[in-house]
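Please read the structure below before turning to the comments.
All residue numbers in this chain count up from 1 along the given sequence.
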Amino acid sequence: MNKLLMAVLTVVALLVGTFYGYNYYNGPKIVDGVISENIDEKGNPIDYTNEFSPGDTVYFSAKVNRFWVKKAKVVWYKDRVATSNRVHVEENVVLNDAGYFTAKLQIPEGLEEGRYMVTIYKKGNKIRETTAEFYVEK
């Protein structure tokens, strides 16, 4: 009876470990994408908002969820996520000391009014990790 219980517990432990290991490796690697007006000196997003004026600088920050992810790509879109709507692409965005990937969108002539979206991808991956949206109004 004791050997049977140990065998069952071992199998259950292996299945649970495999499940969590698989989810850890294959789950989202970058999470909690937020839009803000600024970041602090450590790299944390501050002044969260999703409404901006045309001349504002827009910051996007996303938290890393896996220790091995060190670089990302951030893509900004006007209206909806589509290749034809790309406004700006930032390759090789590096993880900051606060554990965030941070990118900023600042257009010298100002942003057009409307809806914008921003996405982040793990470097070398085509799977979108997280998305955030914001609006520009006069």
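When hydrophobic clusters are built by joining Ile, Leu, Val, Met, Phe, Trp and Tyr residues whose side-chain heavy atoms come closer than 4.5 Å, directly or via intermediates, V16 is grouped together with V8. In the hydrophobic cluster analysis, where Ile, Leu, Val, Met, Phe, Trp and Tyr join through side-chain heavy atoms closer than 4.5 angstrom, Y59 is grouped apart from I120. Two different hydrophobic clusters hold V34 and W76 under the rule that ILVMFWY side chains link at heavy-atom gaps under 4.5 Å.
One finds the CZ atom of R128 at 12.0 Å from the NZ atom of K73 (value rounded to the nearest 0.5 Å). Residue L15 holds its CG atom at 11.0 Å from OG1 of T10, rounded to the nearest 0.5 Å. The distance from atom CZ of F60 to atom CD1 of I35, rounded to the nearest 0.5 Å, is 6.0 Å. Between atom CH2 of residue W68 and atom NZ of residue K122 there is a gap of 8.0 Å, rounded to the nearest 0.5 Å. Here the CZ atom belonging to F101 is positioned 11.0 Å from the NZ atom belonging to K63, to the nearest 0.5 angstrom. One finds the NZ atom of K71 at 5.0 Å from the CG atom of N92 (value rounded to the nearest 0.5 Å).
Counting only distance, with no hydrogens or angles, the side chain of S36 and the backbone of N38 share a donor-acceptor pair below 3.5 Å. In this structure, K78 contributes its side chain and E113 its backbone to a donor-acceptor pair below 3.5 Å. The backbone N or O of R80 sits less than 3.5 Å from a side-chain atom of N85, completing a donor-acceptor pair.
Summarising the local packing, CD1 of I127 is surrounded by 12 or fewer heavy atoms from other residues, nucleotides or ligands at distances under 6.0 Å. The environment of K104 atom NZ is sparse: at most 12 non-hydrogen atoms of other residues, nucleotides or ligands sit within 6.0 angstrom. For E112, the CD atom sits in a loose shell: 12 or fewer heavy atoms of surrounding residues, nucleotides or ligands are nearer than 6.0 Å. In D97, the CG atom is not crowded: 12 or fewer heavy atoms of neighbouring residues, nucleotides or ligands sit closer than 6.0 Å.
In the hydrophobic clustering, Y77 connects to V75, V81, V89, M117, Y121, either directly or through intervening members, whenever side-chain heavy atoms lie under 4.5 Å apart.
V87 places a side-chain heavy atom less than 4.5 Å from the side chain of I107. Side-chain contact between V58 and Y116 is absent, with no heavy-atom pair separated by less than 4.5 Å. By the 4.5 Å heavy-atom criterion applied to side chains, L105 and V118 are not counted as neighbours. Proximity of F52 to L111: side-chain heavy atoms (C-beta onward) are nowhere separated by under 4.5 Å. Considering only heavy atoms from C-beta on, V31 stays 4.5 Å or farther from T130 through its side chain.
Nearest heavy atom pair, residue A98 against residue N96, reads N-OD1, 3.0 Å. Taking both residues in full, the closest heavy atoms of V69 and V64 are given as O-CG2, 3.6 Å, listed atom of the first, atom of the second, then distance. Scanning both residues, I30 and E129, for their nearest heavy atoms gives N-OE1, 3.4 Å.
Using a cut-off of 4.0 Å between Lys/Arg side-chain N and Asp/Glu carboxylate O, E133 and R115 are scored as salt-bridged.
Taking the ring pair (Phe, Tyr, Trp, His ring centres under 6.0 Å) definition, one finds that Y100 meets it with nothing, sequence neighbours left out.
A donor-acceptor pair shorter than 3.5 Å can be found between the side chains of T102 and S61.
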